[in-house]
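Please read these numbers as outputs of a predicted model, since none were measured by experiment. In what follows, every heavy atom counts, from backbone to side chain, and hydrogens, waters and symmetry copies are set aside.
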Amino acid sequence: MYGGKVRLVVKNYPYRYRDFAYPAAEAALAARDQGKFREMHVLLLERSPKLDRGSLIECAKELKLDIPRFTRDLDTMAHKKEIDRDVKLAEGLDLYTTPTLFINGIKIAGDRPFESYREVIDRELPTSGPEGKGK
């Protein structure tokens with residue numbers, strides 16, 4: 001839709017009071033390492049709150065990931081530093097709601113219909129990038 005004009009950066013903020021939020025974040029990053037972040041992210045949202053270790057491995061199988069590699073990443077918490085760094089960033093920004101999106105610095109907290117984001121993106125695009133004044 002935006003033909004390379006918009007960049008999406010995803011950060012992890014596993015909810016501390018959910019038993020499986022941290023392993024789910026780890027699973028998403030393990031899938032990312034195998035080129036399937038988005039697909040895993042969608043499955044995790046669809047299957048929540050059933051995100052125990054066995055369910056995460058089933059998702060990985062469904063996505064045809066390298067299961068020994070995925071399981072090793074999950075069990076050793078291979079992405080712990082990255083997840084902890086993201087959590088620290090979220091706390092530093094005083095975030096409490098997921099998802100929270102920033103579009104050119106404009107904070108939008110909570111799950112919204114795409115049209116809510118589109119309005120802000122369409123308004124901000126002319127002010128961004130090399131041709132615009134940037135923010």
Might you point out which heavy atoms bring K107 and T100 nearest each other, and give the distance in Å?
CG-CG2, 3.8 Å
Hydrophobic clustering (ILVMFWY, side-chain heavy atoms < 4.5 Å, transitive) - are L56 and F20 grouped together?
yes
Is L43 linked to I67 within one hydrophobic cluster, defined over Ile, Leu, Val, Met, Phe, Trp and Tyr using a side-chain heavy-atom separation of less than 4.5 Å?
yes
Look at the side chain of S116 and the backbone N and O of R112, then say whether any donor-acceptor pair between them is shorter than 3.5 Å.
no
Mind listing the closest non-hydrogen atom pair of Y117 and G110 along with its distance?
OH-O, 3.4 Å
Looking only at heavy atoms, the pair that brings A28 and M40 closest together is CA-CG, 3.9 Å
List the steps, then state whether side-chain contact (heavy atoms from CB on, under 4.5 Å) holds for K80 with Y22.
CA-CA 9 Å; K80 182 178 183 347; Y22 204 100; 3.3 Å; yes
Contact between L45 and H41 at the side-chain level, heavy atoms closer than 4.5 Å - yes or no?
yes
Can a donor-acceptor pair be found, under 3.5 Å and without considering hydrogens, that links the side chain of Q34 to the backbone of D66?
yes
Sub-4.5 Å side-chain heavy-atom contact between I121 and E124
no
Just checking R38: does its CZ atom have more than 12 heavy atoms from other residues, nucleotides or ligands closer to it than 6.0 angstrom?
no
Crowding at NZ, K50 (>12 non-hydrogen neighbours, <6.0 Å)
no
Evaluate the side-chain proximity of R123 to I106: yes if any heavy-atom separation is below 4.5 Å, no if none is.
yes
Considering all heavy atoms of both residues, which atom of E26 and which atom of I83 are nearest to each other, and what is their separation?
N-CD1, 3.6 Å
Do any side-chain atoms of residues 1-13 form donor-acceptor pairs under 3.5 angstrom with protein atoms, and if so which ones, sequence neighbours left out?
residue : atom : partner : partner atom : Å
Y2      : OH   : D122    : OD1          : 2.8
N12     : ND2  : D86     : OD2          : 3.1
Y13     : OH   : L95     : O            : 3.1

Is it true that I108 and L125 fall in one hydrophobic cluster, defined by side-chain heavy atoms closer than 4.5 Å?
yes
Is there a chain of hydrophobic side chains (I, L, V, M, F, W, Y, each step under 4.5 Å between heavy atoms) that links L51 to L29?
no
Using the rule that Ile, Leu, Val, Met, Phe, Trp and Tyr join whenever any side-chain heavy atoms are under 4.5 Å apart, tell me whether F37 and L74 fall into a single cluster.
no
State the CD-CD distance between E115 and E119, to the nearest 0.5 angstrom.
7.0 Å
Take R53 and E58 through the test side-chain contact (heavy atoms from CB on, under 4.5 Å) and record every step on the way to the result.
CA-CA 9 Å; R53 182 180 183 279; E58 286 304 314; over 6 Å; no
Is it the case that the side chain of T71 and the backbone of P68 share a donor-acceptor pair, with hydrogens and angles ignored and the cut-off at 3.5 Å?
no
Below 4.5 Å, heavy atoms only, C-beta onward: do R47 and C59 meet side chain to side chain?
yes
Any ring-ring contact (aromatic ring centres under 6.0 Å, His included) pairs touching residues 79-103, not counting sequence neighbours?
none
Is there a donor-acceptor contact under 3.5 Å from the side chain of S48 to the main chain of L44?
no
